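To find a chain, count down the sequence lines: A is the first, B the second, and so on, and within it residues start at 1. Quick caveat, the model's predicted, so the values are computed rather than measured.
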Number of protein chains: 2
Amino acid sequence: MFSIVNAGRAVEQRLEEALAPVGLTLTKFGMLLHLVEAGEPLSLSECAQKMSCVRSNITQLMDRLEADGLVQRVEDPQDRRAIRAAVTPLGAERQAAGAKEVTKVQAALAKTLSGTDPAALQTALSAVK
Amino acid sequence: MFSIVNAGRAVEQRLEEALAPVGLTLTKFGMLLHLVEAGEPLSLSECAQKMSCVRSNITQLMDRLEADGLVQRVEDPQDRRAIRAAVTPLGAERQAAGAKEVTKVQAALAKTLSGTDPAALQTALSAVK
DNA sequence: TCTATATAATTCATATATGAAGCAAGTTCG
DNA sequence: CGAACTTGCTTCATATATGAATTATATAGA
């Protein structure tokens with residue numbers, strides 16, 4: 001059981017290390033990825049859902065992403081309570097650079113697991129979740 | 001790759017939920033477990049090594065564990081710089097109670113993974129780490 | 001022995017995460 | 001319509017984590 005926890009943490013750490021030179025953390029990269037994939041500004045509540053976390057966490061994350069110039073809060077004309085997060089050009093650039101690094105980690109990991117049946121591993125891990 | 005990260009987080013969360021009724025977090029349980037297993041007070045540097053984290057983290061963790069009455073800082077007569085962490089009776093009691101809950105989670109997880117070859121999974125996950 | 005260096009712990013700034021409490025703005029219903 | 005409820009975000013307290021800077025103590029070497 002602790003193997004699963006440790007393996008998860010080890011992969012997280014590898015990703016953090018790969019993203020650090022790009023100026024991103026795994027959390028920031030994840031948020032940018034969701035925003036880029038969505039193709040439009042998402043409300044902070046939607047962001048919280050995508051990131052599987054509480055909204056107050058997103059408030060703080062957006063503060064940091066905005067301070068980094070990677071995202072901008074924009075008002076929602078449809079709902080004056082809502083605030084949407086829009087990726088800036090710099091944010092999109094960093095996300096793309098991060099994605100390249102993530103792909104490298106993925107390739108390295110695939111090599112490490114070359115002796116393993118990928119489908120079986122996937123099935124097992126999905127069952128846990 | 002993200003399956004591994006997600007699976008790890010899912011297991012962590014299950015453990016947190018199982019330990020919460022006992023009044024422990026996974027971090028606190030882990031620290032108590034190391035101390036109980038050691039059978040003697042460990043210096044805070046040794047604690048950091050066991051927990052695979054930096055020492056400043058242990059300083060804070062010990063503050064919380066001491067506030068909970070689960071651990072006590074004791075001076076080291078051999079080295080006046082060092083401070084050792086000693087488990088209190090209450091700490092030992094909680095650790096034992098936590099271990100029972102952890103065992104239950106382990107059993108439930110084994111059931112979930114009943115269709116998987118445990119040795120193969122173990123091998124794959126160990127390779128990642 | 002005295003100095004330089006290394007080690008032990010703490011403090012501080014910061015990142016990430018949760019959850020409770022609060023305020024503003026929609027929505028529903030009598 | 002207006003009160004009650006819900007939703008969206010922020011703020012605050014707290015837990016966990018890192019790393020740089022600081023203080024105290026040990027130890028090695030000239």
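- When all heavy atoms of B/Gly98 and B/Val22 are compared, the pair lying nearest together is N-CG1, 3.9 Å.
- Here C/dC12 presents its C1' atom at 14 Å from CG of B/Asp63, a figure rounded to the nearest Å.
- Salt-bridge annotation for A/Glu101 and A/Lys104: present, with a side-chain N of the basic residue lying under 4.0 Å from a carboxylate O of the acidic one.
- A salt bridge is defined here as a Lys NZ or Arg NE, NH1 or NH2 lying under 4.0 Å from an Asp or Glu carboxylate O, and B/Glu12 with A/Arg9 meets this definition.
- We find that CZ of A/Arg9 is positioned 14 Å from C1' of D/dT18, with the value rounded to whole Å.
- Summarising the geometry, the separation between CD1 on B/Ile58 and P on D/dT16 is reported as 11 Å, rounded to the nearest angstrom.
- Between B/Arg80 and D/dA26 there is a side-chain polar atom (N or O) within less than 4.0 angstrom of OP1 or OP2.
- Ion pair A/Asp63/A/Arg73 flagged as a salt bridge, since at least one NZ, NE, NH1 or NH2 atom sits closer than 4.0 Å to an Asp/Glu carboxylate oxygen.
- Separating the CD atom of B/Glu12 from the P atom of C/dT18 is a distance of 12 Å, rounded to the nearest angstrom.
- Side-chain atoms of B/Asn57 lie closest to D/dT16 of the nucleotides C/dT16, C/dT11, D/dT16.
- Rounded to 10 degrees, the angle separating the terminal helix axes of the helix from C/dT1-D/dA30 to C/dG30-D/dC1, each built from five base pairs, is 0°.
- In this structure, the CD atom of A/Gln78 is 16 Å from the P atom of C/dA25, given to the nearest Å.
- Summarising the geometry, the separation between CG on A/Leu19 and C1' on C/dA15 is reported as 15 Å, rounded to the nearest angstrom.
- Of all non-hydrogen atoms in A/Glu17 and A/Pro21, the two that sit nearest each other are O-CD, 3.1 Å.
- B/Glu16 has its CD atom 11 Å from the P atom of C/dG19, to the nearest Å.
- Atom CG of residue B/Leu61 and atom SG of residue B/Cys47 lie 8.5 Å apart, to the nearest 0.5 angstrom.
- Atom-to-atom distance recorded for B/Gln95:CD and B/Leu19:CG is 10.0 Å, nearest 0.5 angstrom.
- With rounding to whole Å, B/Gln49 atom CD is found 12 Å from C/dT7 atom P.
- Among the atoms of the strands shown, base atoms are found under 4.0 Å from some heavy atom of B/Ser56.
- We find the CG-CG distance between B/Leu35 and B/Leu70 to be 10.5 Å, quoted to the nearest 0.5 Å.
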Output a table of nitrogen or oxygen pairs between the protein and nucleotides 5-9 of chain D separated by less than 3.5 Å.
from  : atom 1 : to      : atom 2 : distance (Å)
D/dT7 : O4'    : A/Arg81 : NH1    : 3.4
D/dT7 : O2     : A/Arg81 : NH1    : 2.6
D/dC9 : OP1    : A/Leu44 : N      : 3.2
D/dC9 : OP1    : A/Ile83 : N      : 2.8
D/dC9 : OP1    : A/Ile83 : O      : 2.7
D/dC9 : OP2    : A/Ser45 : N      : 2.6
D/dC9 : OP2    : A/Ser45 : OG     : 2.5

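- Cluster membership for A/Val74 and A/Val36, using ILVMFWY side-chain heavy atoms within less than 4.5 angstrom, is not shared.
- Taking 4.0 angstrom as the limit, B/Arg64 places a side-chain polar atom (N or O) nearer than this to OP1 or OP2 of D/dT16.
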